[in-house]
Amino acid sequence: MQKRRLGNSNLEVSALGLGCMGMSFGYGPAMDKQEAIALLRTAVERGVTFFDTAEVYGPYTNEELVGEGLAPFRGQVVIATKFGFDLDPKLDPRGMKGSPGLNSRPEHIKQVAEGSLKRLRIEVIDLFYQHRVDPDVPIEDVAGAVKELIQEGKVKHFGLSEAGVQTIRRAHAVQPVTALQSEYSLWTREPEAEVLPTLEELGIGFVPFSPLGKGFLTGKIDENTKLESTDFRSTVPRFAPEARKANLALVDLLGRIAAWKQATPAQIALAWLLAQKPWIVPIPGTTKLHRLEENLGAAAVDLTLDDLGEIESAASQITVQGARYPEHLEKMTGR
Ligand SMILES: NC(=O)c1ccc[n+]([C@@H]2O[C@H](COP(=O)([O-])OP(=O)(O)OC[C@H]3O[C@@H](n4cnc5c(N)ncnc54)[C@H](OP(=O)(O)O)[C@@H]3O)[C@@H](O)[C@H]2O)c1
């Protein structure tokens with residue numbers, strides 16, 4: 001698979017990474033561990049060199065899984081993880097239903113780094129993102145803590161997730177930011193207004209999460225699909241049945257383009273992201289080998305300017321229904 005460089009950094013990764021969250025957390029029961037390990041190893045064989053996890057996924061178990069699965073490839077793959085939640089057991093540890101505590105205090109960041117290094121079985125974290133901006137801790141202090149971890153050789157690159165442009169600039173002035181990870185896809189285009197131009201100006205790479213719209217843009221979900229209560233999407237306004245019904249217009253568009261490109265809707269959704277900027281690296285997640293292969297096939301789908309124009313004009317006629325997060329989680333974004 002082709003490689004991409006995240007912004008002006010020297011961090012080079014496969015054009016498509018693998019989001020590992022859903023293997024343990026978020027979309028229902030965790031995968032069988034041996035199957036998940038086999039999937040991770042097959043991804044490496046297929047050319048994936050960029051893997052995404054976080055302390056909060058599980059919590060902890062997704063990092064452990066990624067650490068075990070990728071142990072034979074230490075030094076050959078890039079593992080990104082994230083800090084920034086307070087995983088006090090008194091709070092809902094999944095950070096999804098109750099009120100998850102944020103904690104980006106410098107001493108906490110250092111503790112998380114030690115734990116992540118152990119769980120991931122590595123000596124240095126390739127890319128360490130702040131998962132959400134913590135309004136109680138100045139971003140300069142966060143960037144300063146990560147800078148110290150870099151100086152100590154425990155972290156290589158600093159990242160932010162769902163941060164607003166002022167925060168990005170302030171952080172970058174203290175410790176250069178290698179990548180921003182935020183939601184971006186054909187149904188979540190907010191980063192285009194301010195965030196992407198700022199990243200381009202500063203030479204920061206962009207890692208779109210939920211690039212398949214949490215599965216919706218693949219066409220495998222419609223208004224009749226049952227989402228279990230353990231599935232995070234059952235709490236997301238955009239996944240309410242009536243919103244799904246309206247949002248299928250976007251899936252129809254992807255299906256039309258896919259038919260004439262001899263590709264699948266998921267591949268078009270990913271190829272569209274890859275076509276936006278050469279420093280964008282999406283991280284689709286899956287628990288299934290055939291879907292991993294399908295998604296990686298997107299790197300070979302070449303959308304022409306005409307194709308992109310067609311997608312743009314059709315998408316501009318569609319208004320996406322429903323917020324991308326429940327209110328208490330939405331307010332943690334864009335700060
Ligand atoms: N920074 C953050 O705050 C943040 C937030 C969310 C996610 N993330 C990261 O981003 C990664 C990806 O995001 P995501 O998992 O939320 O969403 P996503 O990649 O947009 O979609 C994943 C969903 O799509 C399904 N899927 C994948 N490929 C498919 C295909 N070809 N056809 C049909 N269905 C397909 C998967 O189900 P199956 O497993 O059944 O294939 C899964 O339910 C995560 O793993 C995580 O590492 C970060």
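Index from 1, following the sequence. Numbering of ligands and ligand atoms starts at 1, following listing order. Worth knowing before you read on, the calculation uses all heavy atoms, side chains too, and leaves out hydrogens, waters and symmetry mates.
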State whether the shortest distance between N or O atoms of Glu162 and N or O atoms of ligand 1 falls below 3.5 angstrom.
no
Note the single closest protein heavy atom to atom 38 (P) of ligand 1, along with its residue, its atom name and the distance in Å.
Arg291 NH1, 3.3 Å
If you measure from each non-hydrogen atom of Tyr57 to ligand 1, which part falls under 4.0 Å: side chain, backbone, both or neither?
side chain
Return the residue, atom name and 0.1 Å-rounded distance of the protein heavy atom closest to atom 43 (O) of ligand 1.
Arg233 NH1, 3.3 Å
Numbering the atoms of ligand 1 from 1, which are under 4.0 Å from a heavy atom of Thr286?
27 (C), 38 (P), 39 (O), 41 (O)
Under a plain distance cut-off of 3.5 Å, with no hydrogens placed, do Arg291 and Thr218 share a side-chain donor-acceptor pair?
no
Counting only heavy atoms closer than 4.0 Å, does ligand 1 sit against the backbone of Lys220, its side chain, both, or neither?
side chain
List ligand 1 atoms under 4.0 Å from Glu294, heavy atoms only on the residue side.
31 (N)
For atom 24 (O) of ligand 1, the protein heavy atom that lies nearest, with its residue and separation
Gly215 CA, 3.1 Å
Give the minimum heavy-atom separation between Ala271 and Val301, together with the two atoms involved.
CB-O, 3.7 Å
For ligand 1, which atoms have a heavy atom of Asp52 less than 4.0 angstrom away?
9 (C), 46 (C), 47 (O)
Considering only protein heavy atoms, which is closest to atom 14 (P) of ligand 1, and at what distance to one decimal place?
Tyr27 OH, 3.4 Å
With the side chain counted from C-beta on, respond yes when Val66 and Arg119 share a heavy-atom pair under 4.5 Å apart, and no when they do not.
no
Can you name the closest pair of heavy atoms from His157 and Val155 and give their distance?
O-CG1, 3.5 Å
Which atoms of ligand 1 have any heavy atom of Lys82 under 4.0 Å away?
1 (N)
Please list, in number order, the atoms of ligand 1 under 4.0 Å from a heavy atom of His131.
1 (N), 2 (C), 3 (O)
Using non-hydrogen atoms of the residue, decide whether Arg132 is closer than 4.0 angstrom to ligand 1.
yes
Residue-ligand contact Gln267/ligand 1, heavy atom below 4.0 Å:
no
Would you mind running through ligand 1 and noting each atom that sits below 4.0 Å from a heavy atom of Thr218?
29 (C), 30 (C), 32 (N), 33 (C), 34 (N), 35 (C)
Looking at atom 11 (C) of ligand 1, what's its closest protein heavy atom, distance included?
Ile283 O, 3.3 Å
Taking all heavy atoms of Ile283 and all of Asp52, pick out the closest pair and write down the distance.
CD1-CG, 3.6 Å
Under 4.0 Å, heavy atoms only, figure out whether ligand 1 is touched by the backbone of Cys20, its side chain, both or neither.
backbone
Nearest heavy-atom approach of Thr81 to Leu120 is CG2-CD1, 3.9 Å
Considering only heavy atoms from C-beta outward, does the side chain of Glu55 approach that of Leu87 to under 4.5 Å?
yes
Using a strict 4.0 Å cut-off to heavy atoms of Ala266, name the atoms of ligand 1 that fall inside it.
31 (N)
Quick one: look at Asn295 and ligand 1, take heavy-atom pairs under 4.0 Å, and tell me if it's side chain, backbone, both or neither.
side chain
Do any pairs count as a ring-ring contact (aromatic ring centres under 6.0 Å, His included) and have a residue in residues 261-307, sequence neighbours left out, and if so which ones?
Tyr184-Trp272
Please check whether Phe209 reaches ligand 1 - meaning an N/O of the residue sits under 3.5 Å from an N/O of the ligand, judged on distance alone.
no
How close do Thr167 and Arg335 get, counting heavy atoms only, and between which atoms?
OG1-O, 3.0 Å
For Lys261, look at atom NZ and say whether over 12 heavy atoms of other residues, nucleotides or ligands are found less than 6.0 Å away.
yes
Check whether Tyr27 forms a cation-pi arrangement with Lys288 (NZ or CZ under 6.0 Å from the six-membered ring centre, at most 45° off the ring normal).
no
In terms of residue, atom name and distance, what is the protein heavy atom nearest to atom 20 (O) of ligand 1?
Leu212 N, 2.7 Å
Does anything in residues 43-63 form a ring-ring contact (aromatic ring centres under 6.0 Å, His included)? List the pairs, not counting sequence neighbours.
Phe25-Tyr57, Tyr57-His131
Shortest protein contact, atom 22 (C) of ligand 1 (heavy atom only):
Gly285 O, 3.3 Å
Using 30° and 60° as the class limits, which term best fits the ring planes of Phe209 and Tyr325: parallel, tilted or perpendicular?
tilted
Do Glu228 and Ser234 come close enough that some side-chain heavy atom pair is under 4.5 Å?
no
Compute the shortest N/O to N/O distance between Pro284 and ligand 1 and return yes if it is under 3.5 Å, no if not.
no
Nearest protein heavy-atom contact for atom 44 (C) of ligand 1: which residue, which atom, what distance?
Met21 CB, 3.7 Å
May I ask you to check whether Ser116 and Glu63 show a side-chain donor-acceptor distance below 3.5 Å?
yes
Which atoms of ligand 1 are found less than 4.0 Å from any heavy atom of Thr287?
38 (P), 39 (O), 40 (O), 41 (O)
